[in-house]
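For the numbers below, each heavy atom of this structure counts, side chains included, while hydrogens, waters and symmetry mates do not.
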Amino acid sequence: QDLSLLRDRRREQKMTGAKTNRKLVMHGEMQGKGQFSLGRGEITQQLISYLMSVLVPGLTGVIMVLVLFLMCTASTYAIRVSNYDVFWYTHNLFFVFYMLLMLHVSGGVLKYQTNLEEHPPGCFNPNKTLRQNMTVPKAFDQPFPDYTTEPFPEDLAVPEPFVQNNFMRICSEEPKFQSHFPETWFWISGPLCLYCVERLYRYIRSNKPVTITSVISHPSNVLEVRMMKDDFKARPGQYVILHCPRVSALESHPFTLTMDMLMKRGSWCSWFTLAGGQRDGQRSGCPTDTKATFGVHLKVVGDWTERFRDLLLLHSNQDTEILPIFQQRRYPKLYVDGPFGSPFEESLNYEVSICVAGGIGVTPFASVLNTLLDGWKCYKLRRLYFIWVCRDIESFRWFADLLCMLHNKLWQENRPDYINIQLYLSQTDGIQKIIGEKYQALNSRLLLGRPRWKLLLDEIAKCNRRKTIGVFCCGPSKISKILHKLSNSSNSYGTRFEYNKESFS
């Protein structure tokens, strides 16, 4: 009898466990069917949400990476020098990048949880955990007959280890997430608005074409363009941006001002005549008293400068030409934006300055020399070291007249030590000189080879003890690096060198 009672109890326990497992399985299947039916009703909304959250961020992200790759690649020095157009047009893709950046976050990829109290991070979900850990016997894999639903057994409690653990919290519901409100526009709109305002201001300032007064062709593929513009004022060392629509609709290039003067009636006529304003019996007319004449020197080294030179000298058969304003040719329209500041504006604010130029890098110092020619006593500068390195002798003719005029002026005023001119010819087969009797003062200052920079700066420091000297360089990067290193090094004379450079490459 005891054995039969024990068998009956075991049979009842097995039946009770089987019923419990069967009810749990049926409860999980009903929940799955309810979720499936709910998804079918919202299939269209979920599909749109999926496309917005996956397709838009993914596509815009790939395009932004491609745009950044093109901009960074085209910004390298080799591409800028060989093909400037590629650099210019790819660099303007920044506007497309910012537009894609604002669309990139519109898909709602970044989300945050809205029910942290009901579902804290790391909480325990007992129903989900039991269903995942439950192993159903093979006998119950077959479909079960319909049974009347009974309440969930009360004796099925949460295991004691989870209740006793104070660090474990119970989840009352599933986590719910919501997309962040896009805030990229808030951080981008400000800089973009400032940029648009600045571009609008520059467009209004440069929407009127300038009047080209003369075009002069110099040796070594250098072209000088002199222009007039109403109410144009600039300081020595500044630069302007030239835009010629017939050359390129979008491309513009910066050029340093080599001559800037506010013309008054009768003034500076001698400068025009000396610089070539009297050709073939024709005398160039002096500018009016309300316009400023300024000029730039540009070296023909690329596609833009070649096309610009061909347009300016299209109807000219002479290498050097300057015409009166009332007889000027039909030059192409030229727009000037500027002037813009540069470090070389400070060259006149030092007591002693060193100006180092390499080739066409002399252009920033030309306006400084022109200013000193007009008058030097009103500036702080009391001694100027002018060092110019060129490969061929003909390059010195670009500003040989200006250097001779300034040299003669200082000698007449008994200040020959005001400027120290040193001209270096780096590549030569023998002794050469600048052809012309009026250039004798420059030939005596012409040296062969390259400067010995360390000895040169040591000699200047020795002559100017315990002074602050401004060093201004515009030329090849090799010269710039050497001067930068020497300026930062200490010397035994207590002289301090402050280095400044300018480069458009």
How far apart are the C-alpha atoms of C355 and V368, what are their side-chain angles, what is the distance that settles it, and do they pass the side-chain contact (heavy atoms from CB on, under 4.5 Å) test?
CA-CA 10 Å; C355 296; V368 177; 5.6 Å; no
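For R415 and D417, the salt-bridge test passes: some basic side-chain N is under 4.0 Å from an acidic carboxylate O. At a threshold of 4.0 Å, the pair E345-R235 counts as salt-bridged, since one of the basic side-chain nitrogens sits closer than that to a carboxylate oxygen. The pair E394-R397 meets the salt-bridge criterion, since a charged nitrogen lies less than 4.0 angstrom from a carboxylate oxygen.
Between the side chain of S426 and the main chain of C390, a donor-acceptor pair closer than 3.5 Å is present. Between the side chain of T363 and the main chain of T258, no donor-acceptor pair closer than 3.5 Å is present. Side-chain N or O atoms of R465 include none that pairs as donor or acceptor with a backbone N or O of Y493 at under 3.5 Å. Side-chain N or O atoms of D458 include none that pairs as donor or acceptor with a backbone N or O of A461 at under 3.5 Å.
Within a 6.0 Å sphere centred on CG of N488, heavy atoms belonging to other residues, nucleotides or ligands number more than 12. Summarising the local packing, CZ of R496 is surrounded by 12 or fewer heavy atoms from other residues, nucleotides or ligands at distances under 6.0 Å. Summarising the local packing, CZ of R205 is surrounded by more than 12 heavy atoms from other residues, nucleotides or ligands at distances under 6.0 Å. Heavy-atom neighbours of F95 CZ from other residues, nucleotides or ligands within 6.0 Å: at or below the threshold of 12. Heavy-atom contacts from other residues, nucleotides or ligands closer than 6.0 Å to CZ of F340 number more than 12. The number of heavy-atom neighbours closer than 6.0 Å to CZ of R450, taken from other residues, nucleotides and ligands shown, is 12 or below. Y98 OH: 12 or fewer foreign heavy atoms inside a 6.0 Å radius.
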Would you be so kind as to tabulate the donor-acceptor pairs closer than 3.5 Å made by side chains of residues 466-477, with sequence neighbours excluded?
none

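The minimum heavy-atom distance linking S480 with K501 is given by the pair OG-CD, 3.4 Å. Of all non-hydrogen atoms in M71 and H91, the two that sit nearest each other are CE-O, 3.9 Å.
For F399 and H297, the ring centers are positioned less than 6.0 Å apart. Note: W376 and Y418 meet the aromatic proximity criterion, with ring centroids under 6.0 Å apart. Taking the ring centroids of W304 and H253, they lie under the 6.0 Å cut-off. The aromatic ring centroids of F255 and Y239 lie 6.0 Å or more from each other. Ring to ring, F94 and Y195 are close: their centroids are under 6.0 angstrom apart.
Note that the OG1 atom of T90 and the CD1 atom of I79 stand 8.0 Å from one another [nearest 0.5 Å]. Atom CG of N420 and atom CD1 of I460 lie 7.5 Å apart (nearest 0.5 Å).
D392 and S220 are linked by a side-chain donor-acceptor pair at a separation below 3.5 angstrom, with hydrogens and angles left out of the test. Counted by atom type alone, R199 and Y201 present zero donor-acceptor pairs between their side chains at under 3.5 Å. Looking at Q238 and S367, their side chains never bring a donor and an acceptor atom within 3.5 Å of each other. A donor atom on one side chain and an acceptor atom on the other are not found under 3.5 Å apart for E251 and Y89.
Taking the six-membered ring for Trp and thresholds of 30 and 60 degrees, W388 and F396 have ring planes more than 60 degrees apart, a perpendicular arrangement. F386 and F365 have perpendicular rings, their planes meeting at more than 60° on a 0 to 90° scale where under 30° would count as parallel.
Side-chain contact between V210 and M228: absent, with no pair of heavy atoms (C-beta onward) separated by less than 4.5 Å.
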